[in-house]
Amino acid sequence: MNELITSVNDAIWGYVLIFVLVGCGLWFTLKTRFVQFRMVGEMIRLLTDSAVDTVESQVKESQENKAIVRQKHISSFQAFAVSVATRVGTGNLAGVASAIAIGGPGAVFWMWIIALIGSATAFVESTLAQLFKQRHKDSFIGGPAYYIQRGLHQRWMAITFAILITCQFGLSNNSIQANTICGAMQEAFGWSPAWVGAVLAAMGLFIVFGGIQRIAHVSAVLVPVMAIGYVILAVVIIVMNIELLPHVFKVIVLDAFGIHQIAGGGIGVTVMTGVKRGLFSNEAGEGSAPNVAATASVTHPVKQGLIQALGVFTDTLLVCSCTAFIILISGLYEVPELNGIALTQSALEAKVGSAGPVFIAIAIFLFAFSSIIGNYYYGEANIRFITQNTKVMTVYRICSAGVMVVFGALASFELVWNIVDFFMAFLTACNLIAIVLLGRYAFRLLDDYRRQKRQGIKEPVFHRSQFPELEKDIECWD
């Protein structure tokens, strides 16, 4: 069974999806006039401003001891934190190690490329999610299923996407997070995967039954702590081995275009592995981040599109590169017995001693556990799109944060990654079709945002009357 899934995955990724994914990224980059490069300053401003607003709102709420509508909405920073929580996870530690072990150091180069062009795709899909979002109790709700139905008027396609993303993130993706946590804990402390899986399931169920508010608050705390701590450690290791850095870049670039890979037919494996693991890590074009991007309360859809584009850079160009540098500096990527999280732990141990595996075990717990609760929300948002039946939601919560976590703890490394690659291929294809057809609205929104900025307006505002042809399809923005 595992071999069959592997063959199907190689066929889909090797001959279809890579070209479509890269092609869409290049198209969006050109149509947005290189938004991911030209507006980096605005991205950072929006994120820092929203982070300050979040803190001030929470302080005011605690002082007044009452809730108001604005405070119940998810801020841009919280939405960014939840999306980064799902991006920054096992893909950054185990996924990067797996890419290097299978595709060689050159896979890192292709992870960078898919991030650079994919950030434009992330901008488009998250901007569309904001445009077509809907009101839901204390916060907004939206995502690809919603903009497919509202923008394309294709209910069947929207339901197909909702089912695929629930299977991918809410179920199979959580098995990878659990598998990696258990592997790290077993490597560092010798703990039984069964017991670790049971504890993870209990913790996950407690949080997911608290809803998006609890998920957002937990992610807003965990994500900055775990990302900053890991990056600081990586920087220290790089500085200690600064003389090896030119060699690391040389190995990455030469391996990405190496004559010996081309001659041996291995260049395809390098590119395919880099793109697959890059997409798993940053999720640009996969249709996941738009689900949480839609929950943010902003004055213009482009704001959240810019912030989510920044999330792709944060994930792949920063955190993934940290892991890659640690592994390549150690030289252990050439050891065939090492793969996944074990390779990352061994590389860190080689550089900082016996504390390395322990640090990675703790880091991967924070990385992957935040991903579990973030992944759960993607499934919840899409199940609510299909049905409001509370019994269905209860069953899903138990399966997502409970059953699949335990399954991942006990399943093999190869099986859980193959299942995720399978669903990721179909999910990404479905979303890319939708955003290519709807992309013109994101381009118009970006033009409007830039026009208002040129006029000296610090915080551009959008009103649905600006899109008269969509007034019946846009529920918010009035």
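- Salt-bridge check for Arg464 with Glu469: failed, with every basic side-chain N at 4.0 Å or more from each acidic carboxylate O.
- The number of heavy-atom neighbours closer than 6.0 Å to CH2 of Trp27, taken from other residues, nucleotides and ligands shown, is 12 or below.
- Side-chain atoms of Ile474 and Arg150, non-hydrogen and from C-beta on, never get closer than 4.5 Å to each other.
- In this structure, Arg444 does not pair ionically with Asp447, as no charged nitrogen and carboxylate oxygen lie closer than 4.0 Å.
- Between Phe123 and Phe443, the distance separating the two ring centers is not shorter than 6.0 angstrom.
- By the ring pair (Phe, Tyr, Trp, His ring centres under 6.0 Å) test, Phe467 is found to be paired with Tyr441, Phe462, residues two or more places apart in sequence or in another chain being considered.
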task = Give the C-alpha distance, both sets of side-chain angles, the deciding distance and a yes or no for ring-ring contact (aromatic ring centres under 6.0 Å, His included) between Phe423 and Phe169.
result = CA-CA 9 Å; Phe423 283 112; Phe169 281 88; over 10 Å; no

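- For the residue pair Asn431 and Tyr147, a side-chain donor N or O sits within less than 3.5 Å of a side-chain acceptor on the partner.
- Side-chain atoms of Gln168 and Glu286 form a donor-acceptor pair, as typed in the model, at a separation below 3.5 Å.
- Annotation: ring pair (Phe, Tyr, Trp, His ring centres under 6.0 Å) contacts of Phe28 (sequence neighbours excluded): none.
- Smallest separation of non-hydrogen atoms from Gln149 and Phe385: OE1-CZ, 3.4 Å.
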task = Could you check Glu42 against Lys453 for salt bridge (charged side-chain N to carboxylate O under 4.0 Å, His left out), going step by step and ending with a plain yes or no?
result = CA-CA 10 Å; Glu42 180 70 359; Lys453 293 293 289 186; 3.4 Å; yes

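- Side-chain contact between Tyr449 and Met39 is present, with at least one heavy-atom pair separated by less than 4.5 Å.
- Checking Ser400 against Asn174 by side-chain atom types alone, a donor-acceptor pair falls below 3.5 Å.
- Side-chain contact annotation: Glu471 with Ser465, donor-acceptor N/O pair under 3.5 Å absent.
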